[in-house]
Amino acid sequence: MACRTSSPSSLEKIPATSIRVLRTVDSVRRWRRPHLLDRRTVGLVPTMGALHEGHISLIRAAARENHHVIVSIYVNPAQFGIKEDLASYPVTWAADTEKLARLDRELADDGANLGRISAVFAPTTADVYPAGFPGQEVDSKGSFVNITPVAEVLEGASRPTFFRGVATVCMKLFNMVQPERVYFGQKDVQQTVVIRAMVRDFMLPVEVVIGPTTRAADGLALSSRNVYLGERRRVVATVLHRALSAAEAAYGAGARDRETILSAAQRVVKETLEGQMALVPERRVMFEVDYLSLAGPDDMVELDVVDPAKGGILSGAIKMLPVEAPREGEDLGHSGGPAVRLIDNIILAPQ
Ligand code: AMP
């Protein structure tokens, strides 16, 4: 594997902390080796930056269970489709490192943790793709990890290169860092199924830990993409969680069949859309449902009936459309408020 030789930046730290900033594969390996020899465990939290409380909760979990936490911040172009928001994806390095510094001080004061944040890994695309970036097209040639069929349904059906990009970059990160544990959020539930399948099928020596979804007080799942929403769409964006919660309630009330469970969610969507359509264009918010799904927990295959002994996954994706008629001085969100695709899910736990 091609590795860049050591550079002065490999000794960089986040100001006023002991958190190392690592930028090359070589520097990660040199950081990792002594921990291996000292039998100190390493937990990796992969992120694309624009850190929020969802990411922070995963880092906290990693610090409870490992001697060293390494957070990767890398906006991986391979998991963005050619028409997606790679160019405008929020990059907030100064705010991210500030949050990590604050969290690390908190972890130091809290005796319940095994470890702290030891490093941030922020590689360049040249490091992550040593043979050159293979491109974002479906038929791009290169070394990819494909986890099928799970990566082909739901998110994978809407975004054909997404899970190939995710699995490929995670395989690379796992190989670069060689952590004992990796931390992912339930927020991206299909991603957790893909990563678990990859770890199982390629016998990767790593434990996958899934943290619960962190939500705003009104139920909206935190996401780096929420900054695109602006005030008006932010209020209506709770529709997805409300719809999935209605389906969960139907299951809780004893429904087991797909029709009854999902129609509870569809009702919420319909009522919300009707409510918005009754408003003038200067006030209303339009959205489209990409999918509402009730699927098996291990393979994301659609279920006709939920077996309570196995449980299931309720998930959905909606596209919040740009506001039609902006009002004078209205906050439209990051990048002028483009269409925003939001996902969410609720796990129906086995009983
Ligand atoms: P991202 O930066 O969006 O690629 O996310 C990095 C990690 O944070 C992934 O494992 C996500 O599932 C997780 N994550 C994102 N949002 C949340 C959230 N609201 N709650 C918990 N984990 C999250």
Side-chain angles (χ1 to χ4, degrees), residues 43-64 69-81 84-86 88-93 95-97 99-100 103 117 120-123 128 151 154-155 159 161-174 177 179 181-199 206-229 234 237-238 240-241 244-245 300 313 315-317 334 340-347:
L44 166 67
V45 184
T47 81
M48 297 206 299
L51 300 182
H52 52 67
E53 280 302 315
H55 300 114
I56 299 295
S57 71
L58 296 179
I59 300 170
R60 282 186 206 282
R64 277 195 298 274
V69 179
I70 178 167
V71 179
S72 64
I73 295 184
Y74 176 60
V75 182
N76 171 35
Q79 68 192 69
F80 287 76
E84 291 182 15
D85 57 349
L86 174 63
S88 68
Y89 194 85
V91 174
T92 56
W93 175 257
D96 289 351
T97 52
K99 281 180 189 160
L100 292 176
L103 174 60
I117 306 169
V120 182
F121 180 36
V128 176
L154 300 171
E155 284 305 287
R159 307 174 68 191
T161 56
F162 177 61
F163 287 118
R164 181 183 76 181
V166 168
T168 300
V169 81
C170 285
M171 178 70 95
K172 287 167 181 273
L173 288 169
F174 296 2
V177 175
R181 298 186 187 85
V182 287
Y183 292 79
F184 289 88
Q186 189 209 307
K187 155 78 174 29
D188 300 284
V189 69
Q190 193 176 0
Q191 174 168 282
T192 68
V193 176
V194 167
I195 296 297
R196 279 191 195 286
M198 178 178 91
V199 166
V206 68
E207 182 187 341
V208 180
V209 184
I210 311 299
T213 303
T214 305
R215 299 181 180 281
D218 63 1
L220 181 72
L222 299 191
S223 162
S224 304
R225 288 194 164 96
N226 291 351
V227 297
Y228 290 115
L229 287 170
R234 167 66 186 78
T238 56
L240 181 54
H241 180 58
L244 296 173
S245 300
M300 305 294 298
I313 298 171
S315 67
H334 178 63
V340 191
R341 197 163 170 286
L342 301 176
I343 60 170
D344 202 350
N345 68 87
I346 291 177
I347 294 185

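Excluded from the calculations below are hydrogen atoms, water molecules and symmetry mates; all remaining heavy atoms, backbone and side chain alike, are included. Start at 1 and go down the list; that is how both ligands and their atoms are numbered.
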Enquirer: At under 4.0 Å between heavy atoms, which part of Ala50 makes contact with ligand 1: side chain, backbone, both or neither?
Expert: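 Neither; no heavy atom under 4.0 Å.
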Enquirer: Could you list the atoms of ligand 1 found under 4.0 angstrom from a heavy atom of His52?
Expert: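 Once the distances to His52 are compared, the set is 15 (C), 16 (N), 17 (C).
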Enquirer: Measure the OG-CG distance between Ser315 and Asp188 for me, rounded to the nearest 0.5 Å.
Expert: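 Between atom OG of Ser315 and atom CG of Asp188 there are 11.0 Å.
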Enquirer: For ligand 1, note which part of Pro46 has a heavy atom under 4.0 Å away: side chain, backbone, both or neither.
Expert: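 It is the backbone that gets close, since no side chain atom is under 4.0 Å.
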Enquirer: Is the closest heavy atom of Glu53 to ligand 1 under 4.0 Å?
Expert: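 No, Glu53 has no heavy atom closer than 4.0 Å to ligand 1.
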Enquirer: Heavy-atom contacts with Thr47 under 4.0 Å: which atoms of ligand 1 show up? List them by number with element.
Expert: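 Under 4.0 Å from Thr47, ligand 1 has these atoms: 2 (O), 6 (C).
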Enquirer: Does an N or O anywhere in Met48 fall below 3.5 Å from an N or O of ligand 1?
Expert: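 Between Met48 and ligand 1, an N or O pair is found under 3.5 Å apart.
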Enquirer: With heavy atoms only and a cut-off of under 4.0 Å, state how Gln186 meets ligand 1: side chain, backbone, both or neither.
Expert: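 Looking at Gln186 and ligand 1, no heavy atom falls under 4.0 Å.
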Enquirer: Could Arg215 and Asp344 be called an ion pair, given the rule that one side-chain N must be under 4.0 Å from one carboxylate O?
Expert: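 Yes, charged N to carboxylate O under 4.0 Å.
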Enquirer: For atom 5 (O) of ligand 1, what's the nearest protein heavy-atom neighbour? Residue, atom name and distance, please.
Expert: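 Nearest neighbour among protein heavy atoms for atom 5 (O) of ligand 1, to 0.1 Å: His55 NE2, 3.4 Å.
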Enquirer: May I ask you to list the atoms of ligand 1 that are less than 4.0 angstrom from any heavy atom of Leu222?
Expert: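 Counting from 1, the qualifying ligand atoms are 16 (N), 17 (C), 18 (C), 19 (N).
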Enquirer: Considering the heavy atoms of Gln191, write down every atom of ligand 1 situated less than 4.0 Å from one of them.
Expert: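 Near Gln191, meaning under 4.0 Å from one of its heavy atoms, ligand 1 has 9 (C), 10 (O).
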Enquirer: For atom 22 (N) of ligand 1, what is the nearest protein heavy atom, given as residue, atom name and distance?
Expert: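 Scanning the protein heavy atoms, the shortest distance from atom 22 (N) of ligand 1 goes to Gly185 CA, 3.5 Å.
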Enquirer: For atom 21 (C) of ligand 1, which protein heavy atom lies nearest, and how many Å away is it?
Expert: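 For this ligand atom, the closest protein heavy atom is Pro212 O, 3.4 Å.
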Enquirer: Which residue holds the protein heavy atom closest to atom 13 (C) of ligand 1, what is that atom called, and what is the gap in Å?
Expert: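 The protein heavy atom lying closest is Leu58 CD1, 3.7 Å.
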Enquirer: Once rounded to the nearest 0.5 Å, what's the spacing between atom OG1 of Thr214 and atom CG of Leu220?
Expert: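 One finds 12.0 Å between OG1 of Thr214 and CG of Leu220.
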Enquirer: Given Asp85, which partner from the list Arg159, Arg341, Arg225 fulfils the salt bridge (Lys or Arg N to Asp or Glu O under 4.0 Å) test?
Expert: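 Per the salt bridge (Lys or Arg N to Asp or Glu O under 4.0 Å) rule, the option paired with Asp85 is Arg225, out of Arg159, Arg341, Arg225.
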Enquirer: Considering only the protein, which heavy-atom contact is closest to atom 20 (N) of ligand 1, and what is its distance?
Expert: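 Of every protein heavy atom, Thr214 N, 2.8 Å lies nearest to atom 20 (N) of ligand 1.
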Enquirer: For the residue pair Asn76 and Val166, what are the closest heavy atoms and their distance?
Expert: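 Reported closest heavy-atom pair: ND2-N, 4.3 Å.
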Enquirer: Please determine whether side-chain contact (heavy atoms from CB on, under 4.5 Å) holds for the pair Leu173 and Phe121, giving the CA-CA distance in whole Å, both sets of side-chain angles, and the decisive distance to 0.1 Å.
Expert: CA-CA 10 Å; Leu173 288 169; Phe121 180 36; 3.9 Å; yes
Enquirer: Output the distance between atom NE2 (His55) and atom CD1 (Ile73), rounded to the nearest 0.5 Å.
Expert: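 Those atoms lie 8.5 Å apart.
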Enquirer: Nearest 0.5 angstrom please: Gln79 CD to Glu155 CD, how far?
Expert: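 Result: 11.5 Å between the selected atoms.
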Enquirer: Does an N or O from Lys187, backbone or side chain, lie closer than 3.5 Å to an N or O of ligand 1?
Expert: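 No: no nitrogen or oxygen of Lys187 is under 3.5 Å from one in ligand 1.
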Enquirer: About how many Å separate CG of Leu103 and CG of Leu51, when rounded to the nearest 0.5 Å?
Expert: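 Output value for this atom pair is 9.5 Å.
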Enquirer: How does Thr192 reach ligand 1, by side chain, by backbone, by both or by neither, if only non-hydrogen atoms under 4.0 Å count?
Expert: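 Within the 4.0 Å criterion, Thr192 makes no contact with ligand 1.
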Enquirer: Between ligand 1 and Asp188, is the shortest N or O to N or O distance under 3.5 Å?
Expert: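 For ligand 1, there is an N or O atom that lies under 3.5 Å from one belonging to Asp188.
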Enquirer: Taking side chain as C-beta onward, heavy atoms only, is Tyr74 less than 4.5 Å from Lys172?
Expert: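 When only atoms from C-beta onward are counted, Lys172 and Tyr74 do not touch, as no gap falls below 4.5 Å.
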Enquirer: Between Phe174 and Phe184, what is the ring plane arrangement, given parallel below 30°, perpendicular above 60°, and tilted in between?
Expert: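 Judged by the thresholds at 30° and 60°, the geometry between Phe174 and Phe184 is perpendicular.
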Enquirer: For ligand 1, is there an atom lying under 4.0 Å from some heavy atom of Arg215?
Expert: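 Per 4.0 Å heavy-atom rule, Arg215 does not contact ligand 1.
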Enquirer: Hey, could you give me the CZ/CG distance between Phe163 and Leu154, rounded to the nearest 0.5 Å?
Expert: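 Output value for this atom pair is 8.0 Å.
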Enquirer: Ignoring angles and geometry beyond distance, decide whether Phe184 reaches within less than 3.5 Å of ligand 1 through its nitrogen or oxygen atoms.
Expert: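 Min N/O separation from ligand 1 is not below 3.5 Å for Phe184.
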